[in-house]
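Report on the structure given below.
Proteins come first, then strands; the chains are lettered A, B, ... in the order of their sequence lines, and each starts at number 1. All heavy atoms count here, side chains included; hydrogens, waters and symmetry mates do not.
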There are 2 protein chains.
Amino acid sequence: MTEASPLARKLAAFVALSDEDLSMLDRLHQRRRKFVPGVDLVHQGQSNQTAYILAKGWVCSYKLLANGGRQIVDFQIPGDFLGLRSVLFRTADHNIEPVTPVEASEVIISDLLSAFADTPRLATAVLWAASRDEAMVVEHLVGIGRRNALERTAHYLLEFGARLKLVGLGTKMSYACPLSQYLLADALGLSAVHVNRVLRQLREMGLLTFHNGRVTFDDFEGLVALADFDKAYLDHDGPLLR
Amino acid sequence: MTEASPLARKLAAFVALSDEDLSMLDRLHQRRRKFVPGVDLVHQGQSNQTAYILAKGWVCSYKLLANGGRQIVDFQIPGDFLGLRSVLFRTADHNIEPVTPVEASEVIISDLLSAFADTPRLATAVLWAASRDEAMVVEHLVGIGRRNALERTAHYLLEFGARLKLVGLGTKMSYACPLSQYLLADALGLSAVHVNRVLRQLREMGLLTFHNGRVTFDDFEGLVALADFDKAYLDHDGPLLR
DNA sequence: CGTCGGGTTGATAACTTTCAAATTTCGTGG
DNA sequence: CCACGAAATTTGAAAGTTATCAACCCGACG
C-alpha cells in the first residue's frame, strides 16, 4: 500500500480495518476536485448536494447572520467528510468555504451506503467518526457558552492538535495552522482584536505560540489544565475496537 | 388509532407514513419508564447505554466544566430520542437530567436497525429528524457565538415554539414552558440575573411574555425580525416528502 | 410560621467589542 | 533584489455588554 490516506489513518484509529475494508474505502473516492479560497464549495440554500472526502487543505463551515456577523461552526481537515448532512437534508443550511487551496474526492452516496452493507466494520468506523464530529460541535458549543476567551482559545487549539495528529499532520508539540486571526475569531465567537490579545497572553504565559502559521505547545500540561481539556477525548494509541 | 404519539406526529411532518410504518413505530416502544428531576438519566462517563423515546415531560443534556460552569446543550421534548449518540459512542460524554417528571420508552437498538431495513420510509423520517436535531445544535452554537443576549433569548424561545407546535404541545401564540430562569441561563450561556433582565426587556418591548411557566408571543413578527429567525426552518404544513 | 427555591432589582466589577492607528508580513511586478 | 500595496497583526483608549454580589420579595410547603 502507498501512503495511507488521512481518512484511512483516522478510521484505523477507531476500528482495526482489514485490507478489504481499506480497498473498499479507496473505491469510494471518485473524481478528485480542486477548490480555492473565496469560492464556496457549498452555499446556503443550495440543493442537489454532493458529498466529499477532504484530501488536502482546510475548509470551514459557517453561517451568516442578518446582523452582519458570521459564526464558523467547524473547520474540516484532511480525512473529514464534507456535506454529508446537506445530502440527507436535501438542501444546505450553511456555507462551506476553502480556507486554503483544497483537494477533495467526490463521494457517491449510494456507493457509501452499499459499502456499509458489504463491510460492516467500515460502516462502524465511519459512524464512529461522524459521532466524534458531532461531539466536537457540542464541545465547541460548551466552550463558547461557558469558557472565557483564554480557556476557549486554548481548548480549541489543543483540539486541533489532537485532530491533526490523528491524520498524521502534526506532532504532540506543534502543527501547521493556516488560520488567520479573523477566522479564529469567527470560530471562537470573539473579535479578531481580542483573539490577538488572547494569543499574546497565552504566549506570555509560556503556554503556546502561534506564529507564522504554526501552533507550538510550549507547555502542554499547563494548557491542558487551563483549558480543562479531556486528553482521553481524542487521544489514544491503538484502535479502540480490534 | 388512538391519539398519535408525539414522535409519530413529528415524523409525519417530515415524511408521509403508512399505517405499517406507524405500527412499526409503535413496536419500537419497549418498557415505559419514569424519571424525576434530580436524578440523571444518563451520566457522563457511564457506559452500557440505553436509548429512549421521550413521551412526557422535558429533559436536558448538559456538560459540566472544571471551572464550575455548566452548559446545557439541548432540551428534549416529547417525541425526541434520548441518548442515541451515547449508544453508538459506547460511553456517554454528557449528562441527561429530567427537567420535569418524565416518561420515556426504552428502545432496543437492534429493533430500531431492523425496522430501518424493513420500512425505509420510516428510516428516512428518523434520519431526517436526527439531522434536524443536529441542525438545531448548530443553530444554538451560532446563537451563543454571534447573537447578543436579547436576540439569542428571543431566537431560542421561538425555536421552542416551533418544536412544540410540531408535536402538538403548543399553538402559534403560546406554549407551556417548565424552564426556570437558571436553566434558561445555562442553556443560553448567560447568568440567571441577566436572563431575568432580558425577559423583562422583551416583555417591555411588547414582544413576548414568559410568566407562570407559559411563554406567550405578543408580537410574533416583531420577534422573528429581532431574532433573525428562519420561519421556514421548522415550520411547514404538510409532510415534506409524500 | 419558617424555610427554601425562584424571581426581581440595584450597584459594581470584569470581560469583550469597537474604533483608530501603527506596524509587520508577504506576494507581485519593476 | 528591491519597492510597493494589500492583507494580517499589533497596540491603545473608550464604550458596551454581561457577570457578580447583595438584597429583597414572594408563594409553596412541611
Side-chain angles (χ1 to χ4, degrees), chain A residues 36-38 58 60 65 67-72 97-101 143-154 156-157 176-205 208-215 226, chain B residues 36-38 58 60 65 67-72 97-101 143-154 156-157 176-205 208-215 226:
Chain A
V36 294
W58 293 36
C60 68
L65 275 73
N67 66 22
R70 92 160 168 176
Q71 176 66 46
I72 292 178
E97 185 188 274
V99 166
T100 67
I144 295 186
R146 285 295 179 220
R147 279 192 255 262
N148 64 31
L150 198 69
E151 298 166 354
R152 195 186 308 169
T153 306
Y156 207 65
L157 294 178
C177 177
L179 304 179
S180 72
Q181 296 182 355
Y182 283 89
L183 285 168
L184 217 39
D186 279 345
L188 294 171
L190 299 169
S191 68
V193 172
H194 201 58
V195 166
N196 183 283
R197 293 190 224 278
V198 166
L199 289 176
R200 168 154 59 105
Q201 196 179 344
L202 286 170
R203 184 176 355 106
E204 286 171 353
M205 291 169 78
L208 77 75
T209 313
F210 184 177
H211 194 61
N212 268 133
R214 173 159 292 273
V215 172
L226 168 71
Chain B
V36 294
W58 292 37
C60 67
L65 275 72
N67 65 22
R70 91 159 167 177
Q71 176 65 46
I72 292 178
E97 184 188 273
V99 167
T100 68
I144 295 188
R146 286 296 180 218
R147 280 192 255 262
N148 64 30
L150 198 69
E151 299 165 354
R152 195 186 309 172
T153 307
Y156 207 63
L157 294 177
C177 177
L179 303 180
S180 72
Q181 295 181 354
Y182 283 88
L183 285 168
L184 216 38
D186 279 344
L188 294 171
L190 299 169
S191 70
V193 172
H194 201 59
V195 166
N196 183 286
R197 293 189 224 277
V198 166
L199 289 176
R200 168 155 58 103
Q201 195 180 346
L202 286 170
R203 181 175 359 104
E204 285 171 354
M205 290 168 79
L208 77 76
T209 313
F210 184 0
H211 195 60
N212 267 132
R214 174 159 291 275
V215 172
L226 168 70

Length of the [atom1]-[atom2] vector between [X] and [N], whole Å:
X: B:N196; N: D:dC24; atom1: CG; atom2: C1'; answer: 13 Å
X: A:H194; N: C:dA14; atom1: NE2; atom2: P; answer: 15 Å
X: B:Q201; N: C:dT8; atom1: CD; atom2: P; answer: 14 Å
X: A:R200; N: D:dT10; atom1: CZ; atom2: P; answer: 9 Å
X: A:R147; N: C:dT16; atom1: CZ; atom2: C1'; answer: 18 Å
X: A:R152; N: C:dT16; atom1: CZ; atom2: C1'; answer: 10 Å
X: A:F210; N: D:dT9; atom1: CZ; atom2: P; answer: 7 Å
X: A:L188; N: C:dT16; atom1: CG; atom2: P; answer: 11 Å

TODO: For A:N212 and for A:S191, locate the closest nucleotide of DNA chain C by heavy-atom distance; then report the residue assigned to the nucleotide nearer the 5' terminus.
DONE: A:S191
- [ ] Could you say whether B:S180 or B:R197 is positioned toward the 5' end of DNA chain C, judged by the nucleotide with the nearest heavy atom to each?
- [x] B:S180
TODO: Please assess B:E151 against B:L226 for the test side chain to side chain contact (heavy atoms under 4.5 Å, CB included), listing each intermediate value before the final yes or no.
DONE: CA-CA 6 Å; B:E151 299 165 354; B:L226 168 70; 4.3 Å; yes
- [ ] May I ask you to say what A:G189 touches in the nucleic acid, namely base, sugar-phosphate or nothing, with a heavy-atom cut-off under 4.0 Å?
- [x] sugar-phosphate
TODO: Tell me what A:L190 touches on the nucleic acid: a base, only sugar-phosphate, or nothing, going by heavy atoms under 4.0 Å.
DONE: sugar-phosphate
Open item on the list: Taking the nucleotide of DNA chain D with the nearest heavy atom to each, does B:A149 or A:H211 sit closer to the 5' end?
Closed with: A:H211
Task: N or O in side chain of B:Q181 less than 4.0 angstrom from C:dG5 OP1/OP2 - done: no
Open item on the list: By the definition side chain to side chain contact (heavy atoms under 4.5 Å, CB included), identify the one residue from A:L188, A:D186, A:I144 that meets it with A:Q71.
Closed with: A:I144
Task: A:F210/A:L184 under side chain to side chain contact (heavy atoms under 4.5 Å, CB included): CA gap, chis, key distance, verdict - done: CA-CA 12 Å; A:F210 184 177; A:L184 217 39; 3.8 Å; yes
- [ ] Mind listing the closest non-hydrogen atom pair of A:V99 and A:P37 along with its distance?
- [x] O-CG, 3.8 Å
TODO: Determine, step by step, whether B:R152 and B:N148 satisfy the side chain to side chain contact (heavy atoms under 4.5 Å, CB included) criterion, reporting the C-alpha distance in whole Å, the side-chain angles of both residues, the deciding distance to 0.1 Å, and the verdict.
DONE: CA-CA 6 Å; B:R152 195 186 309 172; B:N148 64 30; 5.8 Å; no
